[in-house]
Undergrad: 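One structure coming up, written as structure tokens, with questions to follow.
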Amino acid sequence: MWTFMRQNPEWYHKLSRHPEAIQEIKAQADDYFGRSMKKKIEQFGEYLGMLNMFMEMTSLMEEDKSPVAEQTKE
């Protein structure tokens with residue numbers, strides 16, 4: 001848990017003066033390192049976008065290999 005304090009010394013200074021702010025600092029650290037629910041949802045959305053793009057590319061490649069496409073090329 002304390003390894004994140006090295007990344008941002010401001011958290012260490014704030015926590016040393018106000019130890020009751022541990023929950024606030026932990027929430028900031030989770031957001032900073034991508035462990036918050038908001039960040040996880042954003043990452044999931046990015047993965048879905050990449051998957052959608054991959055599916056579109058594969059469908060376009062399959063259409064290009066279809067016999068109908070080959071007849072129109074000749």
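Nothing fancy with the numbering, it's 1 onward along the sequence. This one's a predicted model, so the numbers in the text were calculated from it and none came from an experiment.
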Undergrad: Hey, what do you get for OG1 (T58) to CD (E63), rounding to the nearest 0.5 Å?
TA: 10.0 Å

Undergrad: Kindly give the heavy-atom pair with the smallest separation between L15 and A21, and that separation in Å.
TA: CD1-C, 4.4 Å

Undergrad: Measuring from atom CD of E20 to atom CD1 of I25, what distance do you get when rounded to the nearest 0.5 angstrom?
TA: 9.5 Å

Undergrad: Can you tell me how far NZ of K40 sits from CG of D30, rounded to the nearest 0.5 angstrom?
TA: 8.5 Å

Undergrad: Kindly compute the distance separating CG (L51) from CE (M55), expressed to the nearest 0.5 Å.
TA: 6.5 Å

Undergrad: Roughly how far, to the nearest 0.5 Å, is the OG atom of S59 from the CG atom of D64?
TA: 11.5 Å

Undergrad: Which residues pass the salt bridge (charged side-chain N to carboxylate O under 4.0 Å, His left out) test with E24, sequence neighbours left out?
TA: K14

Undergrad: Measuring from S36:OG to Q28:CD, what's the distance to the nearest 0.5 Å?
TA: 12.0 Å

